[in-house]
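First the proteins, then the strands, lettered A, B, ... as listed; each starts at 1.
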There are 2 protein chains.
Amino acid sequence: MNETPNEEGKVSTKDKIFQVSVDLFSEKGFNAVSIREIAREVGIRESSIYNHYKNKDAILDSIIKYFMDVMKSSGPPEDIGDEMLAQNPQSFLKLGASMYLDHINTPTMNKIWRIISIEMYQNEKIRSIFLENMLEEPLKFWESIFTQLIENKLIKPFDPKILAREYFFFGVYLFFEHFVLRYPDTEKSFVDVAKDRLMEHTNFLLSSITLEGEK
Amino acid sequence: MNETPNEEGKVSTKDKIFQVSVDLFSEKGFNAVSIREIAREVGIRESSIYNHYKNKDAILDSIIKYFMDVMKSSGPPEDIGDEMLAQNPQSFLKLGASMYLDHINTPTMNKIWRIISIEMYQNEKIRSIFLENMLEEPLKFWESIFTQLIENKLIKPFDPKILAREYFFFGVYLFFEHFVLRYPDTEKSFVDVAKDRLMEHTNFLLSSITLEGEK
DNA sequence: GTCTATAAGTGGATAGAC
DNA sequence: GTCTATCCACTTATAGAC
């Protein structure tokens, strides 16, 4: 779980296995990677893997646990402050999305996002993590934001459920495009790509829902 | 390739293999299904499979070929008629999307859509089919539609590229939600689900871009 | 066109020496 | 904690009898 060297300046074998597994799983998918391949890449024999992880599934479990720990420790963007929401909805939508993306912008996290996108269709645990944390929870969050914006008469009174979907599904589309389709073929991180395109989408949405007097 | 019985009232073994493979691949993914499993389900020995298909890859190839043939024979929605486009853009957006979906609405095609969504990340042929036919080509089509609508002064003069994305991303999202996420857990076909939700999206977009006088 | 038999390889996982 | 050696289940695919 620890990617950095310890005090002796060495990376533990368990960490090496973790990191190599993240690399290989994200490239080929969990099933297409063998314990032998991981061991070879780490530089040990396959039987030695079992001194660190009970079995192959346990490696994937620890990767998902790492992912969830990072996501939780980053915290939701709810603490941005009500002042900005009340005074400048434009900035809130733009900044809120950026903050939501920033804390998942490391090479390891980007690879795990890819693993999630690959394994989602067959791994029920991964699927439910995505559904709850990357779909249902954010939709509720943005619905509450749009509800506030409407109550404060800062935007036109559309159905906040529809607004949340129109706003957030574009982010899911970007996720699909980047991690599943790997399109466009880019070396850039998801966050860097998504920020620009989300800005365009946010601007378009805002131009539709901002009250005339506020323009 | 032929799902219906022939004149003797019998389904050929090759067709059985095809259909069973579609069923199994769409449930478990190509790699997770063995030739043995297909043979068992068909009711023959695994060696007999090789009398009909050269190898396992050839089965998947024939499935993709079937998919492409159906897509091509259905034709693009460009022949809907310019009159409707000129006179009633609302109907065009709604009807155009429906027509685009209708010709892919069979149980077999739905299962192949699922296979495509599963194999896209690792099968370069399938990935490029999706990118070209389900992403780039439709985006170009809708961009040309919005360009016409703007030229005819039927909608506000937004950037047609942005409009195409803002309209079409929702369809890609629905694809992702239905075939990858399988959410919500539904027995309904993609088309039936997508039509209703696309209508909502189309209405929202139209409310943003329709000229005030036209409302 | 289907069968039996078998080849040749890869997979996850364990036992026990060091 | 790493190694060698090994097990056994399972994979795709082929040869040849019927």
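The side-chain contact (heavy atoms from CB on, under 4.5 Å) with B/Ser117 is formed by just one residue from the set B/Phe130, B/Phe176, B/Phe179; it is B/Phe179.
Between the CD1 atom of A/Ile49 and the P atom of C/dA13 there is a distance of 11 Å, given to the nearest Å. Remark: C1' of C/dG1 and OH of B/Tyr53 are 15 Å apart, rounded to the nearest angstrom. If you measure from atom CZ of B/Arg40 to atom C1' of C/dC3, you get 17 Å, rounded to the nearest angstrom. Taking atom CD1 of residue A/Ile38 and atom C1' of nucleotide C/dG12, one finds them 11 Å apart after rounding to whole Å. Taking atom CZ on A/Arg45 and atom P on D/dT6, their separation rounds to 14 Å, with Å as the unit. Residue A/Lys28 contributes atom NZ, which lies 13 Å from atom C1' of C/dT10 at whole-angstrom precision.
Between B/Phe190 and B/Asn110 the shortest heavy-atom distance is N-OD1, 3.4 Å. Taking every heavy atom of both residues into account, B/Arg114 and B/Glu27 meet most closely at NH2-O, 4.5 Å.
Classified by interplanar angle (parallel below 30°, tilted 30° to 60°, perpendicular above 60°), the ring pair B/Tyr167/B/Phe146 is perpendicular.
Sparse packing is recorded around NZ of A/Lys161, with 12 or fewer heavy atoms of other residues, nucleotides or ligands lying under 6.0 Å away.
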Look for any protein N or O under 3.5 Å of an N or O in nucleotides 11-13 of chain D and output each such pair with its distance, or none.
unit_1, atom_1, unit_2, atom_2, d
D/dT12, OP1, B/Ile35, N, 3.3
D/dT12, OP1, B/Lys56, NZ, 3.4
D/dT12, OP2, B/Ile35, N, 3.0
D/dA13, OP2, B/Tyr50, OH, 3.3
D/dA13, OP2, B/Lys56, N, 3.1

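Judged by the 6.0 Å and 45° rule, B/Lys111 forms no cation-pi pair with B/Phe25.
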